[in-house]
Amino acid sequence: MNYTEIEKKWNKIWEDTKLYAFKPDEKRKKFYLLEMFSYPSGANLHLGHWWNFGLSDSFGRFKRLQGYNVFQPMGFDAFGLPAENYAIKTGIHPEDSTRHNIAVMERQLKEMGATFNWEYELITCNPDYYKWTQWLFIQLFKKGLAYQKEAPVNYCPSCNTIIANEQVVDGVCERCGSEVVRKNMKQWFFKITAYADELLSGLDKIDWPEKTKILQRNWIGKSIGAEVDFKVEGSDEKLTVFTSRADTLFGVTFLVIAPEHKLVSKLVKDEYKDSVAKYVADSSKKDEITRTSTTSPKTGAFTGTYVINPLTNERVPLFVADYVISTYATGIVMGVAAHDSRDYDFAIKYSLPIKQVLTNKDGSDTALPFCEYGKLVNSCEFDGMTSEEAKTKIVEKLEKLGAGRFKTNYKLRDWSVARQRYWGCPIPIIHCEHCGAVPVPEKDLPVKLPHITDYKPDGSGPLGKCKEYMQTTCPKCGRPALREPDTLDTFVDSSFYQLRFPESLHNDKEIFNREYVNKMLPVDCYVGGIEHATMHLLYSRFITKFLRDIGCLDFDEPFQRLFHQGMVLGPDGKKMSKRNTSKTADEYVREYGSDALRLHMMFSLKYIDGGIWNDEGLKHIKAFMERVERIVLKWHKEKGNSSKYGDEEKELDFVLNRTIKEVASNFETFSFNSAVARIMELVNAMYKYDILKEKNGELMQKVVKSLLIILSPCAPHFTEELWEQIGEEYSIFNQRYPSYDESKIVLDSVEIAVQVNSKIITRMNIGTSLSNEEILNIVKADEKIKSLLSGKTIVKEIVVPKRIVNIIVK
RNA sequence: CCAGGUGUGGCGGAAUGGCAGACGCACAGGACUUAAAAUCCUGAGAGGGCAACUUCGUGUGGGUUCAAGUCCCACCACCUGGACCA
């Protein structure tokens with residue numbers, strides 16, 4: 001069989017007959033399978049793409065065989081910095097390079113022969129798509145969830161743009177590697193924090209890897225605690241701290257305020273002004289150069305101010321220190337040197353008192369600093385309480401005094417969505433001197449991205465220089481006004497694409513039809529890398545919940561089930577790149593065929609873990625395919641009508657039924673390597689059976705057909721061709737995954753291990769229908785066992801049917 | 001530093017707490033062949049023994065259990081995130 005030729009042949013036939021076209025009105029149960037949006041990078045399809053798309057296509061084919069109406073759309077996340085950076089370098093307009101790259105990737109993906117529903121293709125830089133991105137922005141704006149605020153942002157001086165926290169890696173820009181600096185700018189934000197609690201609790205009802213859920217939980221960072229107000233001595237001002245350890249309130253010996261905190265200048269006493277100012281300046285510089293690390297020594301400066309502990313009325317000093325950050329909670333912290341290691345370090349450095357208010361739960365002494373929960377001491381009426389009790393009781397007392405309250409904080413910050421770049425979705429806002437920020441009326445959407453040629457970034461957004469774009473009139477008052485020059489983070493584009501997909505071509509009236517989106521969503525199986533755990537996957541969940549709240553849809557979570565593929569690595573254990581890859585995917589396809597490439601990937605590595613790419617097995621997987629071809633064609637040639645059913649047939653039937661069962665369950669958990677292994681076993685059993693001996697009848701026909709069907713998701717062209725060659729009707733992908741007969745998998749007898757005192761003594765064939773008691777009787781009758789039992793007392797007898805018998809004697 | 005993950009033959013990798021190493025590769029042997037390749041079949045964790053057999057074996061050390069690769073605790077190595085979140 002010439003693999004290259006049959007692949008061409010079937011790709012064409014499949015396309016001509018629209019075999020995989022999605023028919024929405026069918027009665028079959030839908031299965032929405034989605035591979036994470038890809039960015040049109042322009043490079044040739046590499047092995048990583050095959051790994052991602054090829055194997056999830058196999059999964060889709062499997063679900064299709066199971067009778068599902070599989071919806072597996074494809075599209076491109078086409079806006080974004082790389083195209084723009086490329087344009088700045090080469091002068092090729094982002095629009096042109098993006099269109100070109102999409103065309104290249106489309107062609108190659110189609111050559112894979114995958115079952116993607118291209119007829120629903122989405123491209124985020126098309127106005128008929130970003131119209132809805134803008135519409136979404138306006139809905140968020142109307143609900144107060146899209147807002148502007150002056151905020152310290154991560155600014156990349158090389159890309160000349162603000163970047164999200166998530167895109168800062170080790171203090172440098174994820175894309176270009178330049179040092180990121182902190183800068184205050186007026187920014188657009190989405191209020192994702194409004195959904196913090198629900199984003200947290202929603203995790204319990206989705207079938208995602210625990211690992212990913214933990215990442216999201218930590219990122220959201222819910223902390224239940226309290227706020228406590230400290231009066232400033234000699235002033236009406238009070239300082240509010242957030243603490244999760246109200247039980248240590250009696251141990252407070254100082255207060256710390258973040259250097260960037262608004263109140264700092266107001267709080268510093270004259271004689272300390274210079275030293276504090278110097279400290280603040282130093283630490284802001286430090287922020288720009290290196291990120292603070294947990295191991296760096298604590299530094300700070302005294303403000304000269306004292307504050308009053310509301311419970312003890314003690315007077316404690318107020319320090320400025322950069323181990324406290326201004327953006328979390330209140331930006332002010334109470335220093336409990338005895339029970340917090342950071343406060344302890346700080347107290348030691350500045351010779352501050354250390355006051356112990358907790359002991360071990362048994363009342364014994366503790367080491368300093370003791371940061372766990374314990375029992376209260378030196379805390380007046382709270383002495384003797386456990387930390388857990390005191391955390392409630394102390395805050396209740398503070399509430400009575402009007403000096404504190406229960407409070408929950410989150411690490412999650414609002415999502416910064418504005419980018420000072422050209423190649424993105426324009427923000428549909430008009431700034432009017434009289435009316436402020438006014439959303440573009442929905443009937444005027446989309447606000448089209450103008451085709452400009454000067455898109456070099458200068459920090460203010462290239463669109464700002466385009467007068468025709470910027471100058472407009474206020475929709476409210478009609479006076480001249482300016483458009484918002486920033487564009488949206490591309491994660492906004494991809495936060496709802498999975499919702500838009502089912503109607504991408506058919507609905508220009510609304511973002512999607514409520515009834516239809518409820519029917520097609522959530523995505524049943526979402527496949528993609530774990531690197532998006534705290535970005536795309538969190539943003540999509542937020543946007544889905546928001547759309548639910550404004551009545552656009554009725555479910556809570558966009559992705560019911562999630563799988564992460566591992567990464568295919570180069571021989572050096574690093575990410576695949578041109579440097580460490582000896583051959584391209586195309587070359588392998590030419591040499592071995594796409595089915596062999598796909599099958600090899602499935603078999604040689606675990607999909608969930610990935611690993612180092614090794615092409616050695618390719619020729620062996622090809623040999624396996626030829627082995628399949630030989631036995632199938634041999635059977636076809638010698639086809640007979642024997643209905644013999646003896647022991648040999650029974651054994652073959654056993655393997656067949658077991659294979660059908662196991663392969664299905666392996667597919668379900670993305671254990672493709674095991675699925676292929678089981679299929680190999682079936683082929684081995686077919687060879688062992690030796691079809692030439694006048695035994696070539698009904699059973700073999702069933703075996704051959706089943707084999708081809710269960711192999712078809714892994715080697716689609718190859719099996720379709722063999723299906724045709726044995727005279728079956730087109731197409732194998734319209735067949736049903738074979739059903740299995742559980743009774744065929746149950747053997748009459750099975751070898752079990754017999755242990756005495758947990759040590760294997762012998763193995764025996766035992767009937768599977770026998771009761772535990774009968775099994776024990778047979779086992780005890782065995783000579784070896786009998787001799788070991790004689791003269792001993794049986795303490796315990798364990799029988800695990802079909803596996804093991806263990807007799808414990810004394 | 002913190003959190004999470006991973007650790008099984010020469011290699012990729014299998015094992016709902018129940019006979020560790022399925023399946024495949026590499027390896028050895030046999031059949032076929034003048035021969036080789038391909039193909040088909042057989043063997044194989046390591047050590048010891050002519051052999052029946054036996055000892056040791058899932059990163060290390062403990063623990064729970066009749067029984068642990070699997071569960072618990074501590075440690076080591078590697079990978080991935082997060083960085084003082086009060």
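Each chain gets a letter, A, B and so on, in the order its sequence line appears, and its residues count up from 1. Excluded from the calculations below are hydrogen atoms, water molecules and symmetry mates; all remaining heavy atoms, backbone and side chain alike, are included.
- Across B/G5 and B/G59, the matching C1' atoms stand 15 Å from one another, rounded to whole Å.
- Across B/C73 and B/C25, the matching C1' atoms stand 39 Å from one another, rounded to whole Å.
- Here the side chains of A/Phe603 and A/Leu599 are not in contact, with every heavy-atom distance at 4.5 Å or above.
- You'll find that the side chain of A/Lys606 is closest to B/A14, out of B/C23, B/A14, B/A86.
- A/Asn806 comes within 4.0 angstrom of a base, heavy atoms only.
- Of the candidate nucleotides B/A14, B/C19, B/A86, B/A14 has the atom lying nearest to any side-chain atom of A/Asn673.
- In this structure, the nucleotide among B/A86, B/U39, B/G4 sitting nearest to the side chain of A/Ile214 is B/G4.
- The partner of B/U42, taking Watson-Crick or G-U wobble pairs whose two distances both stay under 3.5 Å, is B/A28.
- The distance between atom CD of A/Glu616 and atom C1' of B/C11, rounded to the nearest whole Å, is 9 Å.
- Residue-level contact check: A/Val795 touches neither bases nor backbone, having no heavy atom under 4.0 Å from any strand.
- Distance check on atom C1': B/U65 versus B/C84 gives 43 Å, rounded to whole Å.
- Checked by atom type, the side-chain pair A/Ser223/A/Asn409 shows no donor-acceptor distance below 3.5 Å.
- The interatomic distance linking A/Ile794 (CD1) with B/C66 (C1') rounds to 13 Å, in whole Å.
- Relative to the side chain of A/Tyr323, the nucleotides B/G18, B/A22, B/C84 differ in distance, and B/C84 lies closest.
- Closest to the side chain of A/Phe603, out of B/C23, B/C66, B/C19, is B/C23.
- B/G9 sits 5 Å from B/G45 when the C1' atoms are compared, rounded to a whole Å.
- At the phosphate of B/A26, OP1 or OP2 sits under 4.0 Å from a side-chain N or O atom of A/His620.
- Distances shorter than 4.0 Å separate none of the side-chain N or O atoms of A/Ser674 from OP1 or OP2 on B/A22.
- Considering only side-chain atoms of A/Arg678, the nucleotide from B/A22, B/C40, B/G24 that sits closest is B/A22.
- In this structure, B/G62 is classed as anti because its glycosidic torsion departs from zero by more than 90°.
- Side-chain atoms of A/Asp615 and A/Tyr592 form no donor-acceptor pair, as typed in the model, at a separation below 3.5 Å.
- For the OP1/OP2 pair of B/G4 and a distance below 4.0 Å, the side-chain nitrogens and oxygens of A/Lys211 include no atom meeting the criterion.
- Base pairing annotation: B/G61 forms a Watson-Crick or G-U wobble pair with B/C73, both donor-acceptor distances under 3.5 Å.
- A distance of about 11 Å separates the P atoms of B/G17 and B/U70, rounded to the whole Å.
- The side chain of A/Arg803 places no N or O atom within less than 4.0 Å of a non-bridging phosphate oxygen (OP1 or OP2) of B/A67.
- No option in A/Phe563, A/Phe667, A/Phe670 other than A/Phe670 meets the ring-ring contact (aromatic ring centres under 6.0 Å, His included) test with A/Tyr607.
- Rounded to whole Å, atom C1' of B/C25 lies 18 Å from atom CE of A/Met601.
- Each of B/C40, B/A86, B/C66 was ranked by its minimum atom distance to the side chain of A/Ile798; first place goes to B/C66.
- When the P atom is used for both B/A74 and B/G4, the distance is 11 Å, rounded to whole Å.
- Across B/A44 and B/A20, the matching P atoms stand 16 Å from one another, rounded to whole Å.
- Because its NZ or CZ atom is not both nearer than 6.0 Å to the ring centre of A/Phe346 and within 45° of the ring axis, A/Lys298 does not count as a cation-pi partner of that residue.
- Between A/Asn614 atom CG and B/G24 atom C1' the separation is 12 Å, expressed in whole Å.
- With B/A86, B/G13, B/G24 as the choices, the nucleotide that has an atom nearest any side-chain atom of A/Val333 turns out to be B/A86.
- A 3.5 Å limit on both hydrogen-bonding distances identifies no Watson-Crick or G-U partner for B/G17.
- Looking at the side chain of A/Lys759, the nearest of the listed nucleotides B/C19, B/A86, B/U55 is B/U55.
- Both distances falling under 3.5 Å, in either a Watson-Crick or a G-U wobble arrangement, occur for no nucleotide opposite B/G9.
- If you find the closest nucleotide of RNA chain B to A/Lys619 and to A/Ile752, the one lying nearer the 5' end belongs to A/Ile752.
- Among the protein residues, A/Gly566 comes within range of no part of the nucleic acid, since none of its heavy atoms lies under 4.0 Å from any strand.
- Nucleotide B/A51 forms no Watson-Crick or G-U wobble pair with any nucleotide shown, as no partner meets the under 3.5 Å limit on both distances.
- With the nearest nucleotide of RNA chain B identified for both A/Ile760 and A/Ile530, A/Ile760 has the one nearer the 5' end.
- Pairing for B/A68 is absent, with no Watson-Crick or G-U wobble pair whose two atom distances lie under 3.5 Å.
- None of A/Tyr588, A/Phe624, A/Trp613 except one satisfies the ring-ring contact (aromatic ring centres under 6.0 Å, His included) rule with A/His600; the exception is A/Trp613.
- Relative to the ring axis of A/Tyr740, A/Arg658 does not place its NZ or CZ within 45° and under 6.0 Å from the centre.
- Using a 4.0 Å heavy-atom criterion, one finds that A/Arg630 contacts the sugar-phosphate atoms exclusively.
- Distance, A/Lys622 NZ to B/A38 P: 14 Å, rounded to whole Å.
- Of the side-chain N and O atoms in A/Asn684, one or more sit less than 4.0 angstrom from OP1 or OP2 of B/G24.
- Across all strands shown, B/C1 forms a Watson-Crick or G-U wobble pair with B/G82, both key distances being under 3.5 Å.
- Dashed line: the shortest gap from a side-chain N or O of A/Tyr687 to OP1 or OP2 of B/C40 is under 4.0 Å.
- Between the side chain of A/Asn806 and the backbone N or O of A/Ser758, at least one donor-acceptor pair lies under 3.5 Å.
- The nucleotide whose nearest atom lies closest to any side-chain atom of A/Tyr328 is, among B/C25, B/A86, B/C84, B/A86.
- Taking atom C1' on both B/C72 and B/C23, the two are 33 Å apart, rounded to the nearest angstrom.
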